[in-house]
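Everything on this sheet refers to the single structure shown next.
Nothing fancy with the numbering, it's 1 onward along the sequence. Remember, predicted model here, so these are calculated numbers, not experimental data. Values below: all heavy atoms of this structure, side chains included; hydrogens, waters and symmetry mates excluded.
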Amino acid sequence: MRKTAMSGETGKHTVERVQTGVRIERRILKVTKGLAEYLDMSLGDLLEGVLLHAFEGEAPFGAQTLERIKILRGLYELDLTAADAHQLDEARTARK
């Protein structure tokens with residue numbers, strides 16, 4: 001099992017990040033980017049936090065953040081829910 005290096009003073013871990021080209025539903029991305037901006041963090045940092053919480057079966061957001069997500073979902077017309085996960089078909093776009 002690989003462990004990350006930890007800085008003694010700050011309690012932070014030194015990690016290796018990689019660039020990735022992930023395809024994601026447009027409105028989900030808009031809400032997520034809006035939330036990252038609201039929380040004053042990078043999109044990558046937000047995603048890492050959400051995933052680490054999910055891996056441990058913990059909720060990543062408190063009540064105030066969930067309220068902000070609700071606002072962003074309305075703003076970007078995101079009507080998909082957890083029930084829609086793994087049920088999305090990608091729209092075919094016309095090639096020019």
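- Within 6.0 Å of the CG atom in D84, the count of heavy atoms belonging to other residues, nucleotides or ligands exceeds 12.
- Cluster membership check: L51 does not share its hydrophobic cluster with L35, using side-chain heavy-atom separations under 4.5 Å among Ile, Leu, Val, Met, Phe, Trp and Tyr.
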| task | For the pair V31 and R27, evaluate side chain to side chain contact (heavy atoms under 4.5 Å, CB included) and give the outcome as yes or no after the intermediate values. | result | CA-CA 6 Å; V31 169; R27 297 166 299 168; 5.6 Å; no

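- When side chains are defined from C-beta on, K33 does not count as touching L46, because their heavy atoms never get closer than 4.5 Å.
- With rounding to the nearest 0.5 angstrom, the CG atom of L29 is 10.0 Å from the OH atom of Y76.
- No more than 12 heavy atoms of other residues, nucleotides or ligands shown are found within 6.0 angstrom of CD on E37.
- Atom CD of E58 has more than 12 heavy atoms from other residues, nucleotides or ligands within 6.0 Å.
- Going from atom CD1 of I24 over to atom CG of L88 covers 10.5 Å, rounded to the nearest 0.5 Å.
- Note that CD of E77 and NZ of K30 are 9.0 Å apart. Values are rounded to the nearest 0.5 Å.
- No path of Ile, Leu, Val, Met, Phe, Trp and Tyr side chains, each step under 4.5 Å between heavy atoms, connects I28 with I71, placing them in separate hydrophobic clusters.
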| request: Could you please spell out the steps behind the side chain to side chain contact (heavy atoms under 4.5 Å, CB included) verdict for E56 and L52? | output: CA-CA 7 Å; E56 295 186 20; L52 288 171; 5.7 Å; no

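- Summarising the geometry, atom CG belonging to L72 is positioned 9.5 Å from atom OH belonging to Y38; distances are rounded to the nearest 0.5 Å.
- D45 contributes no side-chain N or O that, together with a main-chain N or O of S42, makes up a donor-acceptor pair within less than 3.5 Å.
- Within the model, atoms CD1 of I69 and CD of Q64 stand 11.5 Å from one another, a figure rounded to the nearest 0.5 Å.
- Atom-to-atom distance recorded for E48:CD and L43:CG is 10.0 Å, nearest 0.5 angstrom.
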| request: Dump the intermediate steps for side chain to side chain contact (heavy atoms under 4.5 Å, CB included) on T81 and R73, then the final yes or no. | output: CA-CA 10 Å; T81 68; R73 288 174 63 99; 4.3 Å; yes

